[in-house]
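For clarity, every value in this text was computed on a predicted model and none was experimentally measured. In what follows, every chain begins at residue 1, and chains take the letters A, B, ... in the order their sequences are listed.
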Amino acid sequence: MSTQPSSGVVLRRSTRALTVATHSTEVQPPIVPPPPPTPKVVSVKRKRTVVEATEIVEATSQVSDAEQSPKKKRTKKAKAVVDTEEFQESPSKPKRKRQPKPEPMYVIPDVEKKKTTFKGRLGYACLNTVLRNKKPASETVFCSRTCRLDSIKKNGLDFVKDLARKNVEDLLTVIQWNEDNNIRFFRVSSEIFPYASHDKHGYSLNYCSELLAKAGALARKYGHRLTTHPGQFTQLGSPKPAVVEASRRELAYHTEMFELMGMGSDSVMIIHGGGVYDDKEGTLKRLKGSIKNLSPNVRARLVLENDEMCYNAEDLLPICEELDVPLVFDYHHDQLFPSSIPPKTIIERANAIWKRRGIKPKQHLSEPRPGAVSLMERRAHADRCENLPPDLPDDMGKEIGAKDKEQAVLYLHRMYDLQPVVHASLRPANPNPSMRTNGRKASPKKPSAKAIKKQAEKRGLDDSDASDLTDCPSEDEELPVEEEEDAGEEA
DNA sequence: CGTCGTCAAGGACGC
DNA sequence: GCGTCCTTGACGACG
């Protein structure tokens, strides 16, 4: 288990992952994109032909493209083309077809102008939709590549470490994009180093120290603030020691990342209070104990945030004040699960802690989708935010939680005239956002794969049918469970 | 390239 | 107790 024998053979499965991974590693270091206000960020890594550099740029040129450019595409595609259209198979033939596909012309409506006294910075979380959606797929830029445990078992630990390296390489691109677009506050995905805190497949980030240092240097050069938000599995108040230990590892890995990046004390890690376990007081005590037990460098970056289900700001403030742990105030969560204390007071008390600690304050802002009624619906983030709250201190960092990510920030920048925006970076809002919280939910489906799996496990253990089950000796769990990750997410 | 079921980890809630 | 949801995203098998 630990250290899977990384079989020498790299099974190439999933062409997709593969391409990504490979590109990443063997291509020359992408790194720092071009100059400043370049809207089109033509990307960096490209290894095959040159061709598309142009197409990305504008929609207009397309027309004659086909005939005039003999050079055409990458082998793979060319081949595909040939396959499908055999009839015109002439050797000398400069194959046409494969139109690069026009970059859509975006129509960006004007925004309503609003006023604010806010002078702080707005940021977003984890994912940049412009970079993520670059086409072709080999051009995409994002920092949350991951894989399945099976892939680690098959391909070895280096497989996942390479994915993470690519994530960090892309982080450089994202930071540069943010700078070019006047966004200087960003939450790094908690999945940037997948499985780094896993008990069996965890790994140190040292192998990546050079690249991390480079990313950190770039962020500091531009004065960007980077934060992170470990996921919902981080449960410092759990009565189960193993869960608390896993949470501690998770926090330690995020701390290690920021340290290798050379980030200062403003680079904090935000977590929620976690579950209640039918005993809020007792849990808060455990939470407090766990925080006290954290190593000083981890604790130095720890920050709590009110959530919408279990611990509101009022629940957390006493702990925060006693232990000097800053509180990120989330407006949306506070609406769903209000404190008896008014927001204004909460914010004042929270700001006092931030100030005492010498860390720039931070808040989360998001809005429920328009028309949301049920609690579930109201929990989901709207695509964008329409309003900034009043009376914000100038040094406040506001992370905007919205489906449209950086677009939501640019939208606010425009409405409130907070920062100049690069027009080419703008994308139109979805005219009719759906209410469903997310994709597949009501699928009729069969019994549920997990239920089946669970049963199977159970059965396996009982029968002790030797068929397979090589491992899983003891640690079964009380309540398996699974579900997703957060991709960093959260409010 | 698109579609779709599933995915490390906890836990709350509806039924 | 089981199924479903979690601020949402990505993998990876398959067509």
Short side-chain N/O contact to C:dA10 OP1/OP2 from A:Ser144, under 4.0 Å: yes
Check: A:Leu211 and A:Leu172 side chains under 4.5 Å, non-hydrogen atoms: yes
Rounded distance in Å - CG (A:Asn133) to P (B:dC1): 13 Å
A:Asp162 and A:Lys166 ion-paired at < 4.0 Å: no
Pairwise C1' distance for C:dG1 and B:dA8, with rounding to whole Å: 24 Å
Value in whole Å for how far the C1' atom of B:dC13 lies from CG of A:Leu336: 15 Å
Separation of atom CZ in A:Phe233 from atom P in C:dT8, rounded to whole Å: 16 Å
Side-chain heavy-atom pair A:Leu149, A:Tyr195 within 4.5 angstrom cut-off: yes
Pair partner, C:dC5 [Watson-Crick or wobble, under 3.5 Å]: B:dG11
Any A:Ser197 side-chain N or O less than 4.0 Å from OP1/OP2 of B:dA9: no
Separation between the P atoms of B:dA12 and C:dG9, rounded to whole Å: 25 Å
Length of the CD1-P vector between A:Ile152 and C:dA10, whole Å: 17 Å
Nearest-nucleotide pick for A:Val243, side chain only, options being B:dG10, B:dA12, C:dC11: B:dG10
Between P of C:dT7 and CD of A:Glu399, the distance in whole Å: 15 Å
Atom P, compared across B:dC7 and C:dT8: separation rounded to whole Å: 22 Å
Side chains of A:Tyr253 and A:Arg249 in contact at under 4.5 Å (non-hydrogen atoms): no
Between C1' of B:dG10 and CD1 of A:Ile271, the distance in whole Å: 13 Å
Rounded distance in Å between the C1' positions of B:dC4 and C:dT7: 23 Å
For atom CG of A:Asn312 and atom P of B:dA12, their distance in whole Å: 15 Å
B:dA9 OP1/OP2 closer than 4.0 Å to side-chain N/O of A:His198: no
Spacing between A:Phe142 atom CZ and C:dT8 atom P, to the nearest angstrom: 18 Å
Sugar-phosphate only, base, or nothing, as touched by A:Ser247 at under 4.0 Å among non-hydrogen atoms: nothing
N or O in side chain of A:Arg132 less than 4.0 angstrom from C:dA10 OP1/OP2: yes
Nearest-neighbour nucleotide for the A:Leu127 side chain, B:dC13, B:dG10, C:dG9 considered: C:dG9
P atoms of B:dG10 and C:dC11, separation to the nearest Å: 22 Å
Nearest-neighbour nucleotide for the A:His381 side chain, B:dA9, C:dT8, B:dA12 considered: C:dT8
From CG (A:Leu127) to NZ (A:Lys403), nearest 0.5 Å: 11.5 Å
Pairwise side-chain contact, A:Leu260 with A:Asn206, heavy-atom cut-off 4.5 Å (strictly under): yes
